[in-house]
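This report concerns only the one structure given below.
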Protein chains: 2
Amino acid sequence: MKDIKHFLRQNSLRPTKQRVIIANYLFDGVNKHVTAETLSNKLLKMKAEISLATIYNTLHDFYEKGLLKKLMINSERIYFDTNTEHHHHFYSKKDQKLIDINVDMKVSGLPKPPKNKKINKIEVLVHLDN
Amino acid sequence: MKDIKHFLRQNSLRPTKQRVIIANYLFDGVNKHVTAETLSNKLLKMKAEISLATIYNTLHDFYEKGLLKKLMINSERIYFDTNTEHHHHFYSKKDQKLIDINVDMKVSGLPKPPKNKKINKIEVLVHLDN
DNA sequence: TATCAGTTTAGAACGATTCTAATGTATTGA
DNA sequence: TCAATACATTAGAATCGTTCTAAACTGATA
Ligand SMILES: [Mn+2]
Ligand SMILES: [Mn+2]
Ligand SMILES: [Zn+2]
Ligand SMILES: [Zn+2]
């Protein structure tokens, strides 16, 4: 895609074959939550065999450029989120699935942070089922 | 300690030397957030050399009995929390430290969960600094 | 088209956690 | 009291997601 190459260049990323394929998938307009593994599987289904090393490199490169958000939900894998706006999530451990909560939520009753510490961001994770 | 042995037996756990040492430390009345590594270091300072395998086993045994809570904060390690009440946390990535938020907090504006899914629990994580 | 910095890749390394299987110990009932 | 036995501890190997290494490759530039 011409657009994606332009998009990558704009973000100081060389539009290599692999990056173009991955960016085309990730930034197709539908927000996604991927792990290195789920992305690899998806790419294989699309007949794009890209090494795991490159997938990890690319996810981190995109993250460095602010194109992806990192989500630390559990200790088993890192999720990358194409929705870079501040938002919250439903999480189903059973399905290993995340669902965006874009609605304006408010947390009230928050105590003051400890001395010399500032609040960076508030993350709400709504666990579903088990 | 007599009390701790009784406490372990009450929870269907044999009061072995190692479990008594660990339980004495964890359940001394001060809530704690430990990882296998931080617990091991603390025990070494107390001149108690307990193998990592036993530390992992014991943390999981205590967790199974509901004496500890598991916290999945980041992808690098699992935290165990001696505060088993529902509560929230401040988290400083820089210090790798968790601080309990026991105050009643309320989350408003939460959308309905997806069909056939029930909300299990809501976790608020307040990130400090970086 | 030559050059070269940046990229891809296979495979090794890493680190937290789990597993294995041999040894040790708390419990219990004769 | 003291086997017998079920359960616990341990060192070290295995596992698995992720990162690193170093050699081959390729996009950008002139
Ligand atoms: Mn881990
Ligand atoms: Mn991981
Ligand atoms: Zn999201
Ligand atoms: Zn806590």
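Chain letters run A, B, ... following the sequence lines, proteins first, then strands; residues in each count from 1.
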Check whether any side-chain nitrogen or oxygen of B:R19 sits under 4.0 Å from OP1 or OP2 of D:dA8, and answer yes or no. yes
Please check if atom CD in B:Q10 has more than 12 non-hydrogen atoms from other residues, nucleotides or ligands closer than 6.0 Å. yes
DNA chain D: 5'-proximal contact among B:T54 and A:K70 (nearest heavy atom): B:T54
Please, which pairs that meet side-chain hydrogen bond (donor to acceptor under 3.5 Å, both in side chains) have at least one residue in residues 43-55 of chain A, sequence neighbours excluded? A:S51-A:T54
Could you list all N or O pairs between the protein and nucleotides 21-30 of chain D that sit under 3.5 Å apart?
from	atom 1	to	atom 2	distance (Å)
D:dA28	OP1	A:R9	NE	3.3

Sub-4.0 Å heavy-atom contacts from residues 38-52 of chain A onto DNA chain C, ordered by number: A:I50, A:S51
Mind running side chain to side chain contact (heavy atoms under 4.5 Å, CB included) on B:T38 and B:H33 for me, showing each step along the way? CA-CA 9 Å; B:T38 65; B:H33 303 100; over 6 Å; no
Please give, in whole Å, the distance from C:dA16 P to A:N74 CG? 17 Å
Note: B:D129-A:K117 ion pair, threshold 4.0 Å (strictly below): yes
Quick one: A:F80 CZ to D:dT18 C1', roughly how many Å, whole number? 10 Å
Phosphate contact (D:dT18 OP1 or OP2) by A:H60 side-chain N/O below 4.0 Å: no
Does a nitrogen or oxygen in the side chain of B:Q18 sit under 4.0 Å from OP1 or OP2 of C:dT25? no
Going hydrophobic residue to hydrophobic residue with side-chain gaps under 4.5 angstrom, can you get from A:L59 over to A:Y79? no
Which whole-number value in Å describes the distance from B:E37 CD to C:dA16 P? 6 Å
Between B:L8 (CG) and D:dC7 (P), how many Å, whole number? 16 Å
Figure out the CD1/C1' separation between B:I55 and C:dA16, and round it to whole Å. 13 Å
Verify the contact: side-chain N or O of B:Y56 to OP1 or OP2 of C:dT17, cut-off strictly under 4.0 Å; return yes or no. yes
Say whether B:I50 and B:Y63 are linked into one hydrophobic cluster, either directly or through other cluster members, by side-chain heavy-atom distances under 4.5 angstrom. yes
What do you reckon, is NZ of B:K97 surrounded by more than 12 foreign heavy atoms closer than 6.0 Å? no
Shared ILVMFWY cluster between B:I73 and B:V34, side chains joined below 4.5 angstrom? no
Measure CD1/A:I22 against P/C:dT8 and give the value in whole Å, please. 8 Å
